[in-house]
2 protein chains.
Amino acid sequence: MSVQVLSIKDGHAATAGSVGLPSADLSCLFSRQALERFEPGEAIFWEGDEATHIFEVEDGMLRALRLLGDGRRIIVGFLRTGDLLGVSLKERYLYTVEAISPVQLRRFPRRRFEDEVARDPRLQEQLFSKLRDEMTAAQDQAVLLSRRSAEEKLANFLLLMKERGNSEHRAIVDLPMTRLDIANYLGMTIETVSRTITKLANGGIIAAAGRRSIKVLKMEPLRLLAEGDEGEHWMPPLARPGRYASANA
Amino acid sequence: MSVQVLSIKDGHAATAGSVGLPSADLSCLFSRQALERFEPGEAIFWEGDEATHIFEVEDGMLRALRLLGDGRRIIVGFLRTGDLLGVSLKERYLYTVEAISPVQLRRFPRRRFEDEVARDPRLQEQLFSKLRDEMTAAQDQAVLLSRRSAEEKLANFLLLMKERGNSEHRAIVDLPMTRLDIANYLGMTIETVSRTITKLANGGIIAAAGRRSIKVLKMEPLRLLAEGDEGEHWMPPLARPGRYASANA
DNA sequence: CGAATTATTGAGGACCGTCAAAGTAGGTGG
DNA sequence: CCACCTACTTTGACGGTCCTCAATAATTCG
């Protein structure tokens with residue numbers, strides 16, 4: 001396919017593949033880096049710090065957050081095993097990242113990362129793919145936030161966490177983050193998060209299994225709630241209120 | 001610093017620097033393409049369409065929107081002169097784009113675009129930069145949507161539109177989009193948008209100059225509103241309610 | 001086991017969404 | 001050129017949802 005290229009940098013000769021595949025995978029860049037551990041609550045970096053490194057999450061869950069002028073806290077995303085951290089940045093990190101559960105990750109200098117990527121079309125392709133995923137996630141959050149009711153938001157959140165959960169076959173959704181994290185991700189208060197969970201539990205749609213995990217009992221009603229098809233299929237047979245937005249063209 | 005590398009790919013030799021500037025600018029790719037015109041309301045492409053082209057906006061304003069299952073309309077962004085359209089995509093467009101004002105743009109086949117970019121490190125750099133900008137915009141919208149009050153959201157929106165406005169020196173903010181567009185961008189209703197504008201006007205912070213433009217009279221109060229420092233500096237001297245979110249680490 | 005943190009539940013009220021109607025452009029045809 | 005029609009915007013009244021404040025309950029960790 002493509003001719004192998006010997007890349008030379010700062011006097012160091014770095015083979016870009018030699019015998020087997022070049023650097024078949026972005027992860028290969030990280031695989032030789034030391035494994036670092038972070039305890040829950042610890043920060044990996046802060047919003048505004050100079051963006052010197054890219055990270056790959058080996059294990060655990062993290063939260064990315066921004067602090068507003070008045071002290072309000074906004075969670076812009078949750079990171080899990082396999083996620084790359086810091087690829088979408090210019091000179092400075094634009095959010096703080098903290099460990100939620102015990103975390104293991106590997107770091108790679110941003111400069112070298114960019115050099116390596118610029119050098120290998122396969123890595124380029126993978127990086128673009130990651131960036132597009134991140135874009136999609138950011139837009140999905142925007143869509144999520146513009147959902148109207150608390151129920152709708154939470155239903156969507158649960159489905160999101162379920163899809164990305166490792167135990168794919170089970171109906172158990174892991175929620176390592178606190179209620180405050182959820183609230184700050186969905187743009188509501190912890191009280192409303194709590195009340196909405198209770199409400200869904202009373203409706204028989206979910207069941208709280210411990211505080212940090214939830215079991216989905218009825219998948220379809222949850223999906224319908226998430227799509228905005230409120231009521232109609234579960235507990236209180238409320239009259240369906242009118243529609244929200246109208247098309248205009 | 002680092003040794004120049006001649007990269008060879010698929011038998012094509014691409015100079016990474018050579019004499020002059022290769023294709024100095026991403027825009028150069030588009031400059032030879034035919035200029036296309038769209039009238040207000042016309043769609044450039046639809047969500048779900050196969051993503052065959054990349055576009056560069058020459059003139060005018062567009063909206064990018066997604067339709068939810070229940071017919072709700074969500075505006076995920078506004079595009080202006082100079083913006084690239086479709087770079088963050090995989091196989092399919094993930095939103096519909098429609099002209100708001102009369103629009104002129106140029107299109108470029110996505111395949112060729114990607115080839116060209118893969119070939120020239122300078123274009124790569126520029127593309128990454130564009131992608132990062134788009135990322136930042138998406139995240140900023142998420143932050144905007146998680147703002148609490150309508151006033152806060154609208155103040156932020158006005159400042160956003162002002163910054164990106166062409167008449168940088170004036171206090172006039174152009175709003176070519178309808179109230180419905182604004183509402184669907186901020187996650188509220190047209191009535192609330194309208195009421196909030198009236199409220200700001202009554203407070204002497206802005207003045208409506210025609211239907212589609214607004215004059216900012218007092219910059220500082222607007223900034224404070226945008227930051228969540230509500231009241232305190234303008235009309236009704238309300239008691240400041242308690243804080244919303246608390247830190248937790 | 002006790003202290004601190006996190007989660008749940010309750011009561012009250014503000015804000016914004018809903019429904020409804022009037023007002024304003026803007027455009028087309030008589 | 002004005003009348004009329006349509007689309008958009010503004011304003012009003014009302015009710016529901018969710019935020020605020022507050023107290024209690026459940027967990028975690030020393």
Side-chain angles (χ1 to χ4, degrees), chain A residues 39-41 70 72-73 100-102 145-154 175-184 186-202 208-214 225 228 230-231 236 238-249, chain B residues 39-41 70 72-73 100-101 145-154 175-184 186-202 206 208-214 225 228 230-231 236 238-249:
Chain A
E39 292 307 307
D70 62 342
R72 227 151 35 195
R73 206 177 86 122
I100 289 176
S101 55
L145 282 167
S146 52
R147 300 263 174 189
R148 297 246 172 279
S149 75
E151 256 170 30
E152 231 179 299
K153 286 185 184 175
L154 197 69
L175 300 175
M177 69 290 288
T178 69
R179 296 289 188 264
L180 184 63
D181 289 336
I182 300 175
N184 290 345
L186 296 177
M188 41 202 235
T189 60
I190 54 175
E191 292 94 331
T192 303
V193 170
S194 186
R195 267 187 262 267
T196 307
I197 290 178
T198 303
K199 201 169 163 189
L200 292 180
N202 289 340
R211 212 175 39 294
R212 294 292 164 88
S213 90
I214 273 177
L225 272 181
E230 27 188 315
L238 300 169
R240 185 83 143 303
R243 282 285 156 255
Y244 302 81
S246 55
N248 77 332
Chain B
E39 292 307 306
D70 63 342
R72 227 149 37 193
R73 207 176 86 121
I100 289 176
S101 55
L145 282 166
S146 53
R147 299 264 174 187
R148 297 247 174 280
S149 74
E151 256 170 28
E152 234 179 297
K153 286 185 185 174
L154 197 69
L175 300 175
M177 69 290 288
T178 69
R179 295 289 189 265
L180 184 62
D181 289 335
I182 299 176
N184 291 346
L186 296 176
M188 41 203 234
T189 61
I190 54 175
E191 292 95 329
T192 303
V193 169
S194 185
R195 267 187 262 268
T196 307
I197 289 178
T198 304
K199 200 169 163 189
L200 292 181
N202 289 340
I206 63 173
R211 212 59 33 318
R212 295 291 164 90
S213 91
I214 272 178
L225 271 182
E230 28 188 313
L238 300 169
R240 186 81 145 301
R243 282 287 155 253
Y244 301 82
S246 54
N248 76 333

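Treat the numbers as computed from the prediction; the structure is a model and nothing was measured. In the text below, chain A, chain B and the rest are named by the order of the sequence lines, each starting its count at 1. As a basis for the values below, the full set of heavy atoms in this structure was taken, side chains included, without hydrogen atoms, waters or symmetry mates.
Note: CZ (B:Arg179) to C1' (D:dT11) measures 14 Å, nearest angstrom. Here D:dT17 presents its P atom at 13 Å from CD of A:Glu152, a figure rounded to the nearest Å. Between A:Asp181 atom CG and C:dA7 atom P there is a gap of 8 Å when expressed in whole angstrom units. Whole-Å rounding puts the B:Ile197 CD1 to D:dT9 C1' distance at 10 Å. Atom pair A:Arg147:CZ and C:dG17:P shows a separation of 16 Å (rounding to whole Å applied). Straight-line distance from the CG atom of A:Asn202 to the P atom of C:dT9: 8 Å, rounded to whole Å. Atom-to-atom, CD1 of B:Ile190 to C1' of C:dC19 comes out at 12 Å; the value is rounded to the nearest Å. One atom, NZ of B:Lys199, and another, C1' of D:dT9, lie 19 Å apart when rounded to the nearest Å.
Listed pair A:Arg212 / C:dA7 meets the phosphate criterion, a side-chain N or O lying under 4.0 Å from OP1 or OP2. For C:dG17, one of the phosphate oxygens OP1 or OP2 lies less than 4.0 angstrom from a side-chain nitrogen or oxygen of B:Thr189. Residue A:Thr192 has no polar side-chain atom (N or O) positioned under 4.0 Å from OP1 or OP2 of D:dT17.
Atoms CD and CG, from B:Glu151 and B:Leu225 in turn, are 5.0 Å apart once rounded to the nearest 0.5 Å. If you take OG1 on A:Thr178 and CD1 on A:Ile190, they are separated by 8.5 Å, rounding to the nearest 0.5 Å. The NZ atom of A:Lys199 lies 10.0 Å from the CG atom of A:Asn202; values are rounded to the nearest 0.5 Å.
At a threshold of 4.5 Å between non-hydrogen side-chain atoms, the residues A:Thr196 and A:Lys153 do not count as touching. In this structure the side chain of A:Asp181 reaches within 4.5 angstrom of the side chain of A:Arg73, judged on heavy atoms. For the pair B:Glu191 and B:Val193, the minimum side-chain heavy-atom distance is 4.5 Å or more.
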| message | As a quick check of understanding, evaluate side-chain contact (heavy atoms from CB on, under 4.5 Å) for B:Ile214 and B:Leu200, giving each step before the final call. | response | CA-CA 11 Å; B:Ile214 272 178; B:Leu200 292 181; over 6 Å; no
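In this structure, the nucleotide among C:dT18, C:dA7, C:dT9 sitting nearest to the side chain of A:Arg148 is C:dT18.
Of all the heavy atoms in A:Ser101 and A:Pro40, the pair that sits closest is C-CG, 3.9 Å. Nearest approach of B:Gly187 to A:Arg148, heavy atoms of both residues: O-NH1, 3.4 Å.
Note on the helix from C:dC1-D:dG30 to C:dG30-D:dC1: angle between the axes of the first and last five pairs equals 40°, rounded to 10 degrees.
Annotation: side-chain hydrogen bond (donor to acceptor under 3.5 Å, both in side chains) contacts of B:Thr192 (sequence neighbours excluded): B:Thr189. The side-chain contact (heavy atoms from CB on, under 4.5 Å) test applied to B:Leu145 returns A:Ala142, A:Leu145, A:Ser146, B:Gln141, not counting sequence neighbours. Partners of B:Ser194 according to the side-chain contact (heavy atoms from CB on, under 4.5 Å) rule, which considers only residues two or more places apart in sequence or in another chain, do not exist here.
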Using a cutoff of under 3.5 Å, can you pull out all pairs of nitrogen or oxygen atoms linking the protein to nucleotides 12-16 of chain D, with atom names and distances?
residue: D:dG12; atom: N7; partner: B:Arg195; partner atom: NH1; Å: 2.9
residue: D:dG12; atom: O6; partner: B:Arg195; partner atom: NH2; Å: 3.3
residue: D:dA13; atom: N6; partner: B:Arg195; partner atom: NH2; Å: 3.4

Below 3.5 Å is the cut-off: list the nitrogen or oxygen pairs between protein and nucleotides 24-28 of chain C, distance only.
residue: C:dA25; atom: OP1; partner: B:Arg211; partner atom: NH2; Å: 3.3

